[in-house]
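Every chain is numbered from 1, with letters handed out A, B, ... down the list of sequences. Only a predicted model underlies this, so the values are computations on that prediction, with no experimental measurement involved.
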There are 2 protein chains.
Amino acid sequence: MGRLPTTKHDRQHRLQNYLETHPFITDEELARCFAVSVQTIRLDRLELGIPEVRERVKQVAERSFAKVKSLANADLIGELVDLELGVSGLSMLEVTPELTFQRTGIARGHFLFAQANTLAVALVDAEIALTGTAKISFKRPVRQGERVVAKAMVKTIKENRYYIKVTSRVEGEIVFRASFVVFAVNGKEDTLVADRS
Amino acid sequence: MGRLPTTKHDRQHRLQNYLETHPFITDEELARCFAVSVQTIRLDRLELGIPEVRERVKQVAERSFAKVKSLANADLIGELVDLELGVSGLSMLEVTPELTFQRTGIARGHFLFAQANTLAVALVDAEIALTGTAKISFKRPVRQGERVVAKAMVKTIKENRYYIKVTSRVEGEIVFRASFVVFAVNGKEDTLVADRS
DNA sequence: TGTGCTATTATGACCAGGTACTAAACATAT
DNA sequence: ATATGTTTAGTACCTGGTCATAATAGCACA
């Protein structure tokens with residue numbers, strides 16, 4: 001290699017890193033930013049297989065477009081794999097990095113809760129189901145990459161109150177437990193759902 | 001107005017709608033799609049104040065980039081407005097459409113839980129804090145547009161266990177209550193956090 | 001000292017997807 | 001026939017590139 005082995009390699013490295021956090025920057029701006037010519041930047045991109053701005057912007061747009069949709073429309077957290085209305089249900093949740101504390105890689109508790117809660121609510125055979133109370137217990141932390149299987153069972157139904165138990169496991173080991181009281185609301189909202197809108 | 005009042009107006013309307021669901025389409029493609037010339041499309045965009053493809057793509061990219069970040073990196077759900085470590089804390093959460101059931105406009109319970117839980121965990125003065133158990137109670141449904149204020153108080157600390165109460169209100173009215181037991185974990189993970197990684 | 005090698009920069013032709021402007025064709029009501 | 005609104009066409013120019021070619025700078029090595 002030449003006499004400036006560090007320089008070029010180093011610059012390309014920094015370029016790559018920089019573009020990950022600033023995907024919307026043009027070659028011209030990059031050139032100014034790295035104090036080299038536009039052509040050098042283009043050569044670097046070529047060698048590194050990095051597409052032009054517009055392509056990068058488009059990629060970001062498409063990817064996060066889909067992501068926002070999937071996150072926003074998630075009426076259900078976790079994938080429903082089995083459901084017998086009013087009786088029992090099963091849901092699976094893959095612990096992706098988004099669900100964890102970045103520092104520790106441990107899943108944030110409320111996602112386990114969310115999985116259990118949405119499953120419990122899904123079990124209820126009514127137009128609208130609202131969680132009333134819950135007792136929950138985290139047995140051990142769940143880490144990135146683990147697959148959480150939540151199993152819900154309806155224990156009792158009294159009037160419009162469903163008593164539901166959920167147990168979440170990772171490879172058979174219990175990681176989370178919850179008992180829910182869920183209110184079934186049909187048609188007009190009753191006193192519980194007293195709101196003035 | 002002219003003799004084709006429907007046609008033009010109607011086309012522009014459809015154009016606008018179409019672009020909301022397909023923001024990445026070029027004028028040429030639009031022209032083919034609406035069976036008019038490219039110039040007509042450009043005039044329509046001009047009249048409607050719709051920017052060119054690249055600009056639209058960029059907007060989508062920037063907006064949803066930020067959104068994904070804010071959703072994914074939300075180590076904290078809700079905005080922390082006050083915090084006295086180990087004593088008490090206050091957090092606010094604006095109920096946006098993403099947080100609600102689309103059908104009813106009622107906030108999904110796990111977001112209220114998440115707000116309370118992250119607040120409780122934030123209160124703990126330790127390297128890592130993990131929720132152990134919780135009792136929660138939803139007092140009334142919260143709707144889109146409401147602003148939930150969660151107030152957390154540390155009740156007791158026994159060894160590494162924090163007993164924390166959280167009360168969430170909308171305009172003074174209690175909508176949610178929770179009691180948490182949170183474990184403080186410093187340095188090496190102890191038996192509770194028994195994992196084999 | 002010249003030769004070779006790499007890295008960098010410059011230059012020009014070309015492209016997509018536009019903007020901005022001018023002009024012409026078309027339809028139709030008065 | 002003329003005025004009016006709609007649509008289409010054409011041109012010059014812009015940004016942010018690709019691709020190919022060439023010139024230049026810096027240093028090693030024999």
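- The CD1 atom of Ile41(B) sits 15 Å away from the P atom of dT6(D) (whole-angstrom rounding).
- Across the protein-nucleic acid pair, Phe34(A) atom CZ and dA7(C) atom P stand 17 Å apart, rounded to whole Å.
- Atom NZ in Lys58(A) sits about 17 Å away from atom P in dG16(D), given to the nearest Å.
- Every ring-ring contact (aromatic ring centres under 6.0 Å, His included) that Phe113(A) has, sequence neighbours left out, goes to Phe180(A), Phe113(B).
- In terms of the salt bridge (charged side-chain N to carboxylate O under 4.0 Å, His left out) criterion, Glu20(B) has no residue partners (sequence neighbours excluded).
- In this structure, the salt bridge (charged side-chain N to carboxylate O under 4.0 Å, His left out) partners of Glu94(A), at least two apart in sequence or on a different chain, are Arg147(A).
- At a threshold of 4.5 Å between non-hydrogen side-chain atoms, the residues Leu123(B) and Leu83(B) count as touching.
- Tyr163(A) pairs by the ring-ring contact (aromatic ring centres under 6.0 Å, His included) definition with nothing, not counting sequence neighbours.
- One interatomic measurement links the two molecules: NZ of Lys8(A) to P of dG26(D), which rounds to 17 Å at whole-angstrom precision.
- From one end of the helix from dT1(C)-dA30(D) to dT30(C)-dA1(D) to the other, with five pairs defining each end axis, the axis direction shifts by 20° (rounded to 10°).
- Rounded to whole Å, atom C1' of dG5(D) lies 13 Å from atom CD of Gln12(B).
- The stretch residues 23-40 of chain A participates, sequence neighbours left out, in these salt bridge (Lys or Arg N to Asp or Glu O under 4.0 Å) pairs: Asp27(A)-Arg42(A), Asp27(A)-Arg45(A).
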Contact string for nucleotides 9-21 of chain C, one letter per nucleotide 5' to 3', B = base within protein heavy-atom range under 4.0 Å, S = sugar-phosphate only, - = neither, reads BBB----BBBB--
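- Under the salt bridge (charged side-chain N to carboxylate O under 4.0 Å, His left out) criterion, Arg161(B) pairs with no residue, sequence neighbours left out.
- Legend: residues meeting salt bridge (charged side-chain N to carboxylate O under 4.0 Å, His left out) with Arg177(B), ordered by chain and number and at least two apart, are absent.
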